[in-house]
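Note sheet for the following structure.
In the text below, chain A, chain B and the rest are named by the order of the sequence lines, each starting its count at 1.
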Protein chains: 2
Amino acid sequence: MMETTGTRTDTCAGPPRADRRPDGQDSYTISEVAAFTGLTAHTLRWYERIGLMPHIDRSHTGQRRYSNRDLDWLDLVGKLRLTGMPVADMVRYAELVREGDHTYGERYELLEQTRRDVLSRIAELQDTLAVLDRKIAFYGDAGHALASERPR
Amino acid sequence: MMETTGTRTDTCAGPPRADRRPDGQDSYTISEVAAFTGLTAHTLRWYERIGLMPHIDRSHTGQRRYSNRDLDWLDLVGKLRLTGMPVADMVRYAELVREGDHTYGERYELLEQTRRDVLSRIAELQDTLAVLDRKIAFYGDAGHALASERPR
DNA sequence: CGCTTGCTTGGAGCGCACTCCAAGGCCATA
DNA sequence: TATGGCCTTGGAGTGCGCTCCAAGCAAGCG
């Protein structure tokens with residue numbers, strides 16, 4: 001049972017923390033990587049199954065041994081995940097990298113498109129922020145008398 | 001069959017468009033509201049079922065007739081949705097509004113928390129943007145020689 | 001009158017991104 | 001040697017946010 005970290009010090013499952021690698025080594029177990037990335041070991045194995053990860057080295061007993069390069073890749077995946085990019089698209093990107101140098105153009109396109117998406121997402125959020133600020137100001141002062149909500 | 005808009009002019013299902021109400025009336029059918037908000041009629045009915053909407057007026061034949069206030073509420077819901085707020089939390093907010101004036105404090109808290117979430121979300125995205133920009137620059141010039149990706 | 005269009009309902013189904021389970025292997029410490 | 005901890009696998013299950021289905025009713029038109 002309990003295949004989770006073993007290095008947990010916080011009770012309430014903080015998401016990504018416990019980062020930074022000991023950086024003298026280049027070989028990590030799955031639970032170490034789980035601790036570094038905030039992903040679960042389940043998720044790491046799942047990423048591999050769906051083709052989002054490169055072939056990970058194995059110890060003589062068949063256990064996964066992640067390299068620093070693998071962790072770098074996971075960092076990028078984490079960032080892309082934050083943009084809301086679907087996992088399928090990340091898998092596509094991974095495939096392009098695997099396929100070699102002739103896919104540079106396509107990869108560039110994909111990153112550029114993602115960049116555009118992130119920019120418009122930020123704009124959306126700033127828009128929403130403005131709405132939120134107006135509503136909060138409303139609550140702050142005239143609120144009680146004026147706020148016109150809908151439900152009831 | 002085909003209970004969709006009837007006012008579609010674009011082929012490829014653009015997300016939110018066709019906004020702005022005719023603003024002389026105060027009573028809209030479900031498919032009009034679908035066209036205004038970009039939500040489907042299914043989703044509108046579902047929102048009602050789960051308690052995210054107020055009780056919507058009905059015509060003498062039992063069909064929904066949305067008011068401008070209802071559309072205002074849907075606009076707010078749309079914004080909150082963009083922040084990634086879970087539907088359950090929006091339902092909670094709707095409940096607070098329904099419960100009356102004594103929930104002002106709690107509502108304020110909820111909006112403030114959401115505001116904080118949006119701010120940190122924006123920061124995250126800007127962070128990601130920086131990573132993306134570096135990677136794109138990489139691809140732009142030295143890319144071919146230097147880019148160190150992971151998969152293979 | 002019959003047909004079409006748009007609406008109604010409760011409940012089932014779907015896609016995504018995990019999340020977990022059962023059954024078993026390896027190895028270190030007591 | 002036995003116990004516990006961490007690892008392995010394929011496949012099943014979960015939660016969220018829709019999305020759709022079947023059956024049926026009411027209004028408008030030829």
Please tabulate the protein-to-nucleotide N/O contacts below 3.5 Å involving nucleotides 12-15 of chain D, giving atom names and distances.
none

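A close approach under 4.0 Å does not occur between any side-chain nitrogen or oxygen of A:R64 and OP1 or OP2 of D:dC7. Listed pair A:R45 / D:dG10 fails the phosphate criterion, with no side-chain N or O lying under 4.0 Å from OP1 or OP2. Taking side-chain N and O atoms only, A:T29 has no distance below 4.0 Å to OP1 or OP2 of D:dC6. The side chain of A:T43 places no N or O atom within less than 4.0 Å of a non-bridging phosphate oxygen (OP1 or OP2) of C:dA17. Checking the phosphate oxygens (OP1, OP2) of D:dC18, a side-chain nitrogen or oxygen of B:R81 falls inside 4.0 Å. For the OP1/OP2 pair of C:dG25 and a distance below 4.0 Å, the side-chain nitrogens and oxygens of A:H60 include no atom meeting the criterion. A sub-4.0 Å separation between OP1 or OP2 of D:dG17 and a side-chain N or O of B:Y47 is absent.
Rounded to whole Å, the distance from OH on A:Y66 to P on D:dC7 is 10 Å. At whole-Å resolution of the value, CD1 in B:I50 and P in C:dG10 are 14 Å apart. Rounded to a whole Å, the CG atom of B:L39 is 8 Å from the P atom of D:dC18. Distance CD1 (A:I56) to P (D:dC7): 14 Å, rounded to an integer number of Å. Protein atom CD of A:Q63 is 11 Å distant from nucleotide atom C1' of D:dG5, rounded to whole Å. Note: CG (A:L44) to P (C:dT19) measures 12 Å, nearest angstrom. As a whole-Å value, the separation of B:R65 CZ from C:dC7 P is 8 Å.
Between atom CH2 of residue A:W46 and atom CG of residue A:L52 there is a gap of 8.0 Å, rounded to the nearest 0.5 Å. In this structure, CZ in A:R64 is found 8.5 Å from CG in A:L44, a value given to the nearest 0.5 Å. The CG atom of B:D89 lies 7.5 Å from the OG1 atom of B:T114; values are rounded to the nearest 0.5 Å. Taking CG from A:D70 and CD1 from A:I56, the interatomic distance works out to 3.5 Å, rounded to the nearest 0.5 Å. Between atom CZ of residue B:R121 and atom CG of residue A:L129 there is a gap of 13.5 Å, rounded to the nearest 0.5 Å. Atoms CD and CD, on B:E95 and B:E106 in that order, are 10.0 Å from each other to the nearest 0.5 Å.
The two residues A:Y104 and A:D101 have their closest heavy-atom pair at CD1-O, 2.7 Å.
Map A:G62 and B:G84 each onto its nearest nucleotide of DNA chain D; the residue landing nearer the 5' end is A:G62. When each of A:R58 and B:W46 is assigned the nucleotide of DNA chain D bearing its nearest heavy atom, the one mapping closer to the 5' terminus is A:R58.
B:S59 comes within contact range of no nucleotide atom at all, as no heavy-atom separation falls under 4.0 Å.
Nearest nucleotide to the side chain of A:H42, out of D:dT9, C:dC20, D:dC21: C:dC20. When distances are taken from the side chain of A:T61 to each of D:dC18, D:dA27, C:dC27, the shortest belongs to C:dC27. The side chain of A:I30 approaches D:dT8 more closely than any other nucleotide in the set D:dT8, C:dT8, D:dT19.
A single hydrophobic cluster is seen to contain both A:M85 and A:L119, as judged by linkage of ILVMFWY side chains at heavy-atom distances under 4.5 Å, directly or through other members.
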